[in-house]
There are 2 protein chains.
Amino acid sequence: MPKVVDPEERRQEIAEAVFRVARRDGLELASLRNVAEEAGLAIGSVRHYFAGQADIMNFAMNLFALRAGKRLLARAAGLRVPGPDAPPAAHVATLEAMFAEVLPIDAERREEAEVWLAFTTSARTRSELAPLALEMHDDLRRVIGRVLTGAAGVGVLRPGLDPDEEAGRTHALIDGMTLHAILQPDRLGPSGLAAMLRRHVCAITTVRAEELPPLPE
Amino acid sequence: MPKVVDPEERRQEIAEAVFRVARRDGLELASLRNVAEEAGLAIGSVRHYFAGQADIMNFAMNLFALRAGKRLLARAAGLRVPGPDAPPAAHVATLEAMFAEVLPIDAERREEAEVWLAFTTSARTRSELAPLALEMHDDLRRVIGRVLTGAAGVGVLRPGLDPDEEAGRTHALIDGMTLHAILQPDRLGPSGLAAMLRRHVCAITTVRAEELPPLPE
DNA sequence: AACAAGGTAGCACGTCCGTGCTATAAAAGG
DNA sequence: CCTTTTATAGCACGGACGTGCTACCTTGTT
């Protein structure tokens with residue numbers, strides 16, 4: 001055998017090359033050749049780890065969904081949720097932080113969102129990617145639903161609003177904000193995202209902006 | 001000369017073939033050959049009307065932006081805006097109808113939205129399409145801003161909300177709803193769109209759902 | 001020392017791509 | 001009738017694509 005190499009690790013390196021090409025040039029240019037060059041490998045080497053181009057795409061999107069899901073769950077677990085008798089502002093601040101986690105406010109999350117958009121839009125015409133796109137969609141929706149249901153449970157959701165219905169609206173808003181931030185960053189930058197999120201959070205809760213911690217920047 | 005043909009009309013027919021291919025297979029498959037076949041023409045015939053593939057794309061996206069803009073303005077002009085002393089519900093109903101105009105609730109607007117998404121996302125990596133994508137973005141934002149400013153003028157905007165800031169949020173929400181309706185139609189169909197729009201409209205105005213005309217369907 | 005196995009690399013083929021260029025058919029003007 | 005103009009069509013080339021297949025090199029085992 002040649003050099004000792006963890007095959008799984010190599011596959012992930014190649015998938016990361018896919019992410020870079022997709023962000024820079026678009027997913028349609030993530031050809032075997034371009035990906036191999038981006039990864040610094042020969043085309044034959046890449047093919048040693050994947051059955052074909054479709055296999056690379058499936059693996060890459062699976063890896064992406066896995067990482068994004070893990071990161072979201074880890075962050076959700078990391079956020080210490082206030083006790084039931086904490087002031088409303090504390091609950092809403094946690095809720096806001098959770099939503100901020102999936103918005104492209106910093107470079108890392110922006111890169112992630114760019115890859116997400118590339119995959120999720122191309123899944124419309126590449127049916128083999130559709131199940132994963134739907135799964136990511138439902139996962140995010142579920143997280144948002146849980147957060148809002150929790151908010152309703154401690155009474156910080158604005159009266160008259162249904163947690164489930166508001167989850168749908170907030171989900172659409174978050175993805176719309178992400179879309180704008182990625183496609184028209186001149187019109188919606190990180191600070192704009194934060195401000196808009198705060199406005200939305202105040203609109204659906206009983207807490208006013210002054211009660212929340214000041215926006216960074 | 002051969003058959004009498006209006007060149008501009010032919011170009012539009014070819015552009016419409018681009019739209020169909022983009023919706024069915026994705027914009028990356030809108031090659032000269034595929035478009036020619038879709039239009040029922042020989043590849044050489046298509047090239048008689050366009051300098052090259054990039055020329056086709058530019059023309060198609062220009063035509064799309066032109067038509068979409070025209071349709072939006074025509075609809076805006078067609079909506080009879082209530083007098084200043086009309087009941088609040090009438091103003092809000094008009095506002096809701098205007099927003100519904102850009103949501104993919106019927107087949108025609110769904111097709112339009114699919115093409116819009118294809119163009120606007122590909123503009124991220126095709127710099128020659130970027131100016132047009134930005135123009136469409138700003139146009140829609142401007143229309144929303146005007147509608148909300150008008151609503152504030154007649155006092156139906158919920159107190160404490162800034163028309164301009166709310167225009168940004170509504171814009172993001174509308175594009176997010178469009179994204180969801182196109183990519184995950186099982187999760188957000190036409191009736192879901194209408195219901196979500198109504199909920200948002202009620203959330204940002206002083207009018208309650210019961211005061212508005214019942215939702216179709 | 002001989003061998004097996006896995007990593008790396010690349011050739012070769014058929015397909016699709018955009019494009020330069022040419023050929024034919026049909027209508028309008030002299 | 002003949003020329004000019006324009007629509008339509010197609011050939012041919014170079015390049016990028018995915019993929020079947022082979023060759024070589026490096027390492028661990030017998």
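Just the heavy atoms: all of them, side chains too, but no hydrogens, waters or symmetry mates, feed the values below. So you know, we letter chains A, B, ... as the sequences are listed, proteins then strands, and number each from 1.
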Student: Rounded to whole angstroms, how far apart are CG on A:Asp25 and P on D:dA16?
Tutor: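 Rounding to the nearest Å, CG of A:Asp25 and P of D:dA16 are 14 Å apart.
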Student: Could you point out which residue of B:Glu112, B:Glu16, B:Glu111 forms a salt bridge (charged side-chain N to carboxylate O under 4.0 Å, His left out) with B:Arg67?
Tutor: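 So the option named by the test is B:Glu16.
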Student: Please examine the side chains of A:Arg187 and B:Leu134, heavy atoms only from C-beta on, and report whether any two atoms are closer than 4.5 Å.
Tutor: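 Contact flag for B:Leu134/A:Arg187 side chains = yes.
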Student: Going by an N to O cut-off under 4.0 Å, is there a salt bridge joining A:Arg199 and B:Glu166?
Tutor: no
Student: Could you tell me whether the phosphate oxygens of C:dG6, OP1 or OP2, come under 4.0 Å of any side-chain nitrogen or oxygen in A:Tyr49?
Tutor: no
Student: Please determine whether a side-chain nitrogen or oxygen atom of A:Ser31 lies at a distance below 4.0 Å from atom OP1 or OP2 of D:dC17.
Tutor: yes
Student: For A:Leu32 and for B:Ile43, find the nucleotide of DNA chain D with the closest heavy atom, then tell me which residue's nucleotide is more 5'.
Tutor: B:Ile43
Student: Rounded to the nearest Å, what distance is computed from the CD atom of residue A:Glu8 to the P atom of nucleotide C:dG7?
Tutor: 13 Å
Student: Does a side-chain N or O of A:Asn34 approach OP1 or OP2 of D:dA16 to a distance below 4.0 Å, or not?
Tutor: no
Student: What is the distance, to the nearest angstrom, from the CD atom on A:Glu28 to the C1' atom on D:dG18?
Tutor: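 Spelled out: CD on A:Glu28 to C1' on D:dG18 is 17 Å.
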Student: Using whole Å, what does the distance between atom P of nucleotide C:dA9 and atom CZ of A:Phe50 come to?
Tutor: 16 Å
Student: Ignoring backbone atoms, test whether A:Ser45 places a side-chain nitrogen or oxygen under 4.0 Å from the OP1 or OP2 oxygen of C:dA9.
Tutor: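 Yes, because at least one side-chain N or O of A:Ser45 sits under 4.0 Å from OP1 or OP2 of C:dA9.
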Student: In whole angstrom, what separates B:Glu13's CD from D:dA7's P?
Tutor: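 My rounded result for the distance is 13 Å.
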Student: If you pin A:His48 and B:Arg33 to their nearest nucleotides in DNA chain C, which one's is more 5'?
Tutor: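 Looking at the nearest nucleotide for each, A:His48 comes out on the 5' side.
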Student: Closer than 4.0 Å, any side-chain N/O of A:Arg10 to the OP1 or OP2 of C:dT8?
Tutor: yes
Student: Counting distance alone, no hydrogens or angles: does the base of D:dG20 have a donor or acceptor under 3.5 Å from a partner atom on the side chain of A:Arg47?
Tutor: yes
Student: Test A:Arg20 against every option in A:Glu13, A:Glu37, A:Glu114, A:Glu38 by the salt bridge (charged side-chain N to carboxylate O under 4.0 Å, His left out) rule and name the one that passes.
Tutor: A:Glu38
